[in-house]
Amino acid sequence: MTERSNPIMSCNHHLLLKIFLSLLGAALAICFIQLGALDFMKTLIESGYSGTSHHAIFVKPKLGPILSTNRSSCFSNGIFTRPSISEKLLKDIMKRRAEEYRQHQLRMGANLNRLIIAPANSPLQYPITGFTVSPMQKSLIPGLALQAQKGEAYKVSLSVNKGVLSVEDLLDGDQVEGQGRSNLTISSSNLTQLNDLLSRVTYTSTIYHIKTSDLFHFTFEDHEVMFPITIRRQTIPVLYDPGNDVNSQVTIVTKTFLRYEELNVLIKSIRMFYPRIKIIIADDSLKPEPITEKNIEHYIMPPTQGWFAGRNLAISQVTTKYFLWVDDDFVFLNGTRIESFVEIMEAVPELDILGGAVSGNQFYFKLKYEEGDEEEGGCLTRVKKEFHQPLPNFEDCILVDGVVNYFLGRTDAVRRVGFDPFLKRVGHSEFFMDGLGQLLVASCKGLSIGHQKHRPHGKYAYFRTQKKADGKRKVYHHFFKNYLKYLQF
């Protein structure tokens with residue numbers, strides 16, 4: 001594809017677009033913080049763009065009028081959470097919990113913040129990647145040292161902006177100035193003594209914030225280094241007990257509207273293969289019909305609230321580690337094995353969503369995003385049938401940005417992104433747009449479900465079809481919410 005026809009490459013240089021922008025009046029500058037992906041994700045994304053023909057949508061409308069090691073303090077005043085059950089059952093639960101916690105740490109990137117001490121290419125030794133502290137709690141700074149040539153005296157200076165520095169266990173004669181302040185000077189005629197003092201330097205933030213950072217300055221003579229201090233409130237793991245079988249691991253979730261005949265076919269097909277699995281249905285039909293089968297939760301919504309609102313409601317009620325999203329006109333087949341989804345997700349704990357195929361259609365896509373300037377916003381393009389790279393160790397799976405409307409989702413990860421209830425009539429890719437950089441997504445061959453034959457639904461089609469006015473509102477919504485000036489589906 002030539003540069004001229006590439007919407008991403010031409011995002012900042014399209015003359016007609018800029019002229020059109022100037023005619024449409026003031027731009028609204030709202031900056032959203034882009035959440036970075038884990039280093040794992042970064043290693044998976046490949047560069048390059050092989051374009052396909054898309055319809056461009058111009059989206060700028062005219063604007064009107066560290067856990068404590070003190071076990072005694074941890075247990076002395078708290079409630080003991082271990083259940084009073086038999087040792088046999090407890091052993092099984094503890095084993096499952098340990099595995100879930102291991103996977104939780106992988107998902108949260110617990111092993112990515114490894115401490116790396118910079119070698120003494122300069123005389124200053126320090127933690128090159130920085131380190132993490134809890135807000136307003138004293139922490140030793142690891143790895144500080146001076147590797148200088150022999151001299152008569154040594155003097156180093158340390159400074160921070162959002163905290164204070166101290167040297168623990170000072171003795172008479174120790175030459176330390178600025179104790180308990182943001183600027184600290186340490187001097188000694190003995191290099192060994194100086195390094196002993198540096199090994200006892202502590203940092204305490206003076207502001208309370210759950211996620212911020214400070215910058216540490218470390219100087220000696222003409223040498224200076226800087227490294228970050230991450231100030232972060234510790235989080236408590238939120239784990240789902242997966243139990244012992246698929247019924248305790250997965251909930252099947254769907255949204256229905258005026259299609260009870262199709263819904264009943266779906267339920268019947270599910271019960272043929274999974275008679276005990278829980279099904280959650282969100283229903284915004286005009287005149288809801290009762291669904292009273294065992295182990296089905298049927299949630300009635302106000303009429304015509306829409307696609308994404310129903311998804312939010314249904315997923316908010318999931319209590320299992322995973323949910324399987326299906327449309328109300330799908331049908332389970334002999335080859336529809338939820339266990340296959342779970343096996344892959346358990347083997348790759350970093351995965352958040354795993355898509356399959358509907359009647360053989362393995363729909364997937366890749367999102368190309370170029371962050372724009374503060375005035376105009378960015379550019380986003382959906383490219384069908386493009387992927388980042390194969391999923392390691394799974395030859396039939398690929399890493400993508402979006403999948404077909406049949407997928408296994410990690411409950412906690414999908415809830416963090418959520419489904420925008422503004423999108424009532426048409427919505428699918430928009431969820432993956434909101435999850436870009438937050439969700440690791442894959443698609444696999446062989447994970448298939450069927451689709452029922454389409455039946456004519458006059459009233460359903462009326463509500464399902466997006467009106468022209470709805471399309472305009474949707475375009476403006478992306479313009480403001482996603483800070484875009486250009487969008488292609």
Side-chain angles (χ1 to χ4, degrees), residues 33 35-43 66-70 104-149 151 154-170 174-188 190-235:
I33 299 173
L35 299 178
L38 296 176
D39 288 350
F40 175 84
M41 186 63 173
K42 292 179 181 177
T43 64
I66 311 173
L67 293 178
S68 172
T69 57
N70 188 339
H104 167 82
Q105 289 181 305
L106 285 172
R107 292 198 305 276
M108 297 298 107
N111 296 324
L112 298 179
N113 296 322
R114 292 173 295 180
L115 189 65
I116 300 175
I117 304 300
N121 295 325
S122 81
L124 300 171
Q125 176 181 292
Y126 61 98
I128 190 171
T129 55
F131 66 105
T132 301
V133 301
S134 295
M136 304 183 76
Q137 291 188 19
K138 183 180 292 187
S139 301
L140 281 172
I141 302 174
L144 292 182
L146 179 65
Q147 308 291 343
Q149 295 180 353
Y154 308 91
K155 181 179 180 180
V156 295
S157 297
L158 320 170
S159 67
V160 291
N161 297 313
K162 298 179 180 178
V164 294
L165 302 169
S166 299
V167 177
E168 294 280 87
D169 302 323
L170 277 180
D174 288 338
Q175 300 178 51
V176 176
E177 298 180 7
Q179 184 85 328
R181 297 200 294 268
S182 59
N183 294 277
L184 190 69
T185 301
I186 304 175
S187 305
S188 179
N190 184 294
L191 184 58
T192 299
Q193 181 190 31
L194 181 79
N195 282 329
D196 178 60
L197 292 170
L198 283 172
S199 72
R200 291 185 270 124
V201 174
T202 66
Y203 171 86
T204 309
S205 70
T206 53
I207 62 169
Y208 181 81
H209 198 288
I210 64 170
K211 190 176 182 181
T212 187
S213 62
D214 201 349
L215 196 61
F216 192 100
H217 295 257
F218 184 20
T219 61
F220 169 71
E221 295 179 346
D222 295 330
H223 304 278
E224 180 179 13
V225 296
M226 293 178 289
F227 58 87
I229 300 174
T230 300
I231 304 169
R232 180 172 298 172
R233 191 76 164 93
Q234 289 176 318
T235 59

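If you're wondering where the values come from, they're calculated on a predicted model, not measured in any experiment.
- What you find for Leu191 and Tyr154 is that their closest heavy atoms are N-CE1, 3.7 Å.
- Atom CZ of residue Phe216 and atom CD1 of residue Ile229 lie 6.0 Å apart, to the nearest 0.5 angstrom.
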Verdict with supporting geometry, Ile186 and Ser188, side-chain contact (heavy atoms from CB on, under 4.5 Å): CA-CA 7 Å; Ile186 304 175; Ser188 179; 5.9 Å; no
Chi angles and distances behind the ring-ring contact (aromatic ring centres under 6.0 Å, His included) call for Phe227, Tyr126: CA-CA 8 Å; Phe227 58 87; Tyr126 61 98; 5.8 Å; yes
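- Judged as a side chain to side chain donor-acceptor pair (under 3.5 Å), and not counting sequence neighbours, Gln179 has no contacts.
- Side chain of Ser205 to main chain of Met136: a donor-acceptor pair is present (N/O by atom type, distance under 3.5 Å, no hydrogens or angles).
- None of Thr204, Val133, Ile231 except one satisfies the side chain to side chain contact (heavy atoms under 4.5 Å, CB included) rule with Ser139; the exception is Val133.
- Closest approach of His223 and Ser122 over heavy atoms only: ND1-CB, 4.3 Å.
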Candidate pair Phe218 and Val201, rule side-chain contact (heavy atoms from CB on, under 4.5 Å), full reasoning: CA-CA 12 Å; Phe218 184 20; Val201 174; over 6 Å; no
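- For Pro142 against Phe131, the heavy-atom pair with the smallest separation is CD-CG, 3.9 Å.
- A donor-acceptor pair under 3.5 Å is formed between the side chain of Asn195 and the backbone N or O of Leu146.
- One finds the NZ atom of Lys211 at 10.5 Å from the OG1 atom of Thr235 (value rounded to the nearest 0.5 Å).
- Atoms OG and CG, on Ser187 and Asp174 in that order, are 11.0 Å from each other to the nearest 0.5 Å.
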Evaluation steps, side-chain contact (heavy atoms from CB on, under 4.5 Å), between Asp196 and Asn190: CA-CA 10 Å; Asp196 178 60; Asn190 184 294; over 6 Å; no
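- Judged purely by atom type and a 3.5 angstrom limit, Glu224 has no side-chain atom pairing as donor or acceptor with the backbone of His217.
- Rounded to the nearest 0.5 angstrom, Ser213 OG and Asn161 CG are separated by 10.0 Å.
- Atom CD1 of Ile207 is separated from atom OG1 of Thr212 by 5.0 Å, given to the nearest 0.5 angstrom.
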Full working for side-chain contact (heavy atoms from CB on, under 4.5 Å) between Leu170 and Leu197: CA-CA 8 Å; Leu170 277 180; Leu197 292 170; 4.2 Å; yes
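- Leu215 CG: more than 12 foreign heavy atoms inside a 6.0 Å radius.
- The salt bridge (charged side-chain N to carboxylate O under 4.0 Å, His left out) contacts involving residues 155-169 comprise Lys138-Glu168, where partners must be two or more places apart or lie in separate chains.
- With sequence neighbours left out, the side chain to side chain donor-acceptor pair (under 3.5 Å) criterion links Arg181 to no other residue.
- Listed here is the closest heavy atom pair of Val164 and Val160: N-CG2, 4.2 Å.
- In plain terms, the two heavy atoms of Ser182 and Gly163 that are nearest each other are CB-O, 3.5 Å.
- Rounding to the nearest 0.5 Å places CG of Leu144 at 9.5 Å from CG of Leu124.
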